[in-house]
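Reviewing the structure listed below.
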Amino acid sequence: MKDLRRVLAAEGLKLRRTLALRLAVLVPVAVLSLQALISTQRPAIPRFGENALVSLGQNAFTLWTLLALPLHGALISALVAAVDHEGDHWKQLFAQPVGVRLLFLVKWVAAFALLLVSSLVLWAGIAGLEEAFRWMKPAWRAAPRPLLLFSTTAIEAYCAAMLFISIQTWISLRFRSFITGPAVAVVAVLVMLGGAARSGGGSLFIRSYPWALPVTAVARLAEPNSGRLVVALLGLFGGLLVMWIGSWTLERREYL
Amino acid sequence: MGATVESAHVIETTLLTRTFGARVAVDRVNLRVPAGVIYGFLGPNGAGKTTTIRMLLGLTRPTSGSVRLFGETFSRERRKLLQEVGALVEEPSLYPHLTGRENLEIIRRLRNRSRQDVDALLQQFEFASAARDVVATYSSGMRQTLGLAAACLGQPRLLILDEPTNGLDPGATRKLRALLRGQVERHGVTVFVSSHILGEVEQLADWVGIIDHGRLLFQGTLTSLRGARPGSLEDIFLELVASSERASA
């Protein structure tokens, strides 16, 4: 555990002043800005029975998980791996008195941590937007604040994303080329869109396809749906399993 | 290294061999590096120096043969052994977006050393003021000095350096030599340094190993190399390499 703390502290220092850290904040801010723009175009008085604040959150989470997250996650994991691929730092790291597997495991932890930063920024931003629109559009004040719903959704979306982030991190650590991870993500998103068009949003494919888990986890927020929790758990445990297997295979590879 | 068996040789390899497909990069090398010396590992480019160093550090697995550092093998005592070894493999591995101090801080955390160790090292290498700048702004001499400082962090008993003077001007090379000498004389460190430059090894090393086509052609003190054959050191080196090339042809 002491070793893990030391290696994590070193990894944290490596990320200082990196694009990965900046993107972790900037990408959710961009999504929130887009959502703010969309919400200003919405009618001042919501449709009968509609909770305008839930709609705001639903849109923001959908924008995030469908448009931003697949490529953002791929980019984050590629940048985390590139910190040591560029300049070939592995030879220096493997010559240190720490376990090789630990050096890889902290890469996953770093990717998950950056995703957590993004998720927190998004969650705080949605809460902020909600308050801003309650103030700007008095008719929206009638609806109760869906803060608990948004908090649960943010956690579920984060957990659901862990599986594909874990796969992306494995790919980015395994292949030195920076472009491999993002290229895989582009293909994966196209397959997801093709699969959704062919078999429908509620199909087994979409409910188990790693890149589609986050968007499935935020679907139809206004309705009670235990399926979201299942998807979140699949992402969480799948992500940890991939991390475990991935770090094991990387440890066994010979460094040349 | 209290529990480690003390060995007469800090580095000891036995029939160390590494092949890449049909190519034999290192061929049954038996290195014997005594404690407290600077051992110059000399050979032309592509002779097998870097592959040997990678095997010494456990970065590359030998196809056959074994490596012992301080009398212990990597398979048994990897982490404990690496605590005693500082390394610089090819060019220094530095993060350009971080300052010199932050780069040392990463190694400090990985090696579990105190902050005072970093301060002392920066004083010793006269690098305290430059360490505040980001590495991207450094000259190659400064990078090399910082790389060496990183290798020396935590006072290792063995330094393994692969071509540490590559790309350095004569002034920086001289400074690096003085720093290495200081490590040996003040702290009793054993230095294993590879180079393809004869003059550099001649000025720096007490012991020398000459490798070509993966085979160790000579190993002993510099004096014994000079005494064994007539002519200058350059003549001796070229003759050894030429006879190795004739043998492999």
Side-chain angles (χ1 to χ4, degrees), chain A residues 1-24 76 78-107 109-110 113-114 173 176 178 249-256, chain B residues 1 18 20 25 50-51 53-63 69 74 77-99 101-113 134-136 143 147 150-151 153-154 156 158-162:
Chain A
M1 212 55 192
K2 262 171 77 178
D3 278 3
L4 176 66
R5 243 194 349 252
R6 286 193 288 120
V7 182
L8 267 177
E11 189 66 28
L13 187 50
K14 281 187 222 167
L15 289 174
R16 198 179 274 186
R17 294 191 282 276
T18 57
L19 182 60
L21 200 55
R22 286 181 196 137
L23 282 181
I76 288 275
L79 287 166
V80 164
V83 167
D84 284 308
H85 282 327
E86 281 172 16
D88 197 9
H89 296 294
W90 298 111
K91 60 178 189 278
Q92 179 76 27
L93 293 172
F94 295 161
Q96 301 303 326
V98 287
V100 171
R101 190 173 189 181
L102 196 56
L103 292 167
F104 287 119
L105 275 174
V106 294
K107 289 286 176 191
V109 176
L114 289 173
L173 286 169
R176 282 172 185 246
F178 179 81
T249 61
L250 290 170
E251 181 196 26
R252 295 176 72 83
R253 283 186 75 230
E254 187 177 29
Y255 175 79
L256 291 173
Chain B
M1 291 294 287
R18 174 66 206 216
F20 294 100
T50 299
T51 307
I53 282 182
R54 283 170 176 263
M55 286 192 284
L56 293 182
L57 290 167
L59 300 176
T60 301
R61 291 181 205 117
T63 307
L69 302 182
F74 266 108
E77 300 285 350
R78 182 183 169 276
R79 288 175 56 188
K80 206 166 84 178
L81 282 178
L82 288 176
Q83 196 69 257
E84 298 292 331
V85 180
L88 180 61
V89 187
E90 293 153 306
E91 69 276 11
S93 165
L94 303 169
Y95 298 93
H97 60 286
L98 299 178
T99 65
R101 178 178 271 278
E102 286 167 342
N103 270 277
L104 290 179
E105 182 65 18
I106 287 173
I107 304 294
R108 180 192 78 75
R109 291 176 187 188
L110 292 174
R111 297 187 81 91
N112 198 22
R113 296 291 169 164
V134 289
V135 167
R143 282 168 188 252
L153 186 58
L158 169 65
L159 277 177
I160 297 180
L161 311 171
D162 187 14

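Below, chains carry the letters A, B, ... as their sequence lines are ordered, and counting in each starts from 1. The basis for the numbers below is simple: all heavy atoms, side chains too, and nothing from hydrogens, waters or symmetry mates. The structure displayed is predicted, hence computed values, not measured ones.
- Residues satisfying the ring-ring contact (aromatic ring centres under 6.0 Å, His included) test with Tyr95(B), not counting sequence neighbours, are His89(A).
- Atom CD of Gln92(A) sits about 11.0 Å away from atom CD of Glu91(B), to the nearest 0.5 Å.
- When atom types are taken as modelled, the side chain of His97(B) and the backbone of Lys14(A) share a donor-acceptor pair closer than 3.5 angstrom.
- Expressed to the nearest 0.5 Å, how far CZ of Arg6(A) lies from CZ of Arg113(B) amounts to 10.0 Å.
- The structure places CZ of Arg79(B) at 12.0 Å from CD of Gln96(A), a figure rounded to the nearest 0.5 Å.
- Tested against Arg109(B) for a side chain to side chain contact (heavy atoms under 4.5 Å, CB included), the candidates Val7(A), Leu8(A), Leu13(A) yield a single pass: Leu13(A).
- Electrostatic pairing of Glu102(B) and Arg17(A) counts as a salt bridge here, judged by a charged N lying under 4.0 Å from a carboxylate O.
- Taking OG1 from Thr60(B) and NZ from Lys91(A), the interatomic distance works out to 11.5 Å, rounded to the nearest 0.5 Å.
- Of all heavy-atom pairs spanning Asp88(A) and Ser93(B), the tightest one is O-OG, 4.2 Å.
- If you measure heavy-atom distances from Arg111(B) to chain A, the contacts under 4.5 Å come from both the backbone and the side chain.
- Thr99(B) touches chain A through backbone and side chain together, each having a heavy atom under 4.5 Å away.
- Contact between Leu59(B) and Ala95(A) at its shortest, heavy atoms only, is CD2-N, 4.2 Å.
- The CD1 atom of Ile107(B) sits 7.0 Å away from atom CG of Leu93(A), with the distance rounded to the nearest 0.5 Å.
- Most heavy-atom pairs under 4.5 Å with chain A, from the set Leu57(B), Ile160(B), Val89(B): that is Val89(B).
- Highest contact tally toward chain A, considering only Val85(B), Leu88(B), Val134(B), Leu94(B), is held by Leu94(B) [criterion: heavy-atom pairs under 4.5 Å].
- Annotation for Glu86(A): atom CD does not count as buried by contact number, only 12 or fewer foreign heavy atoms lying within 6.0 Å.
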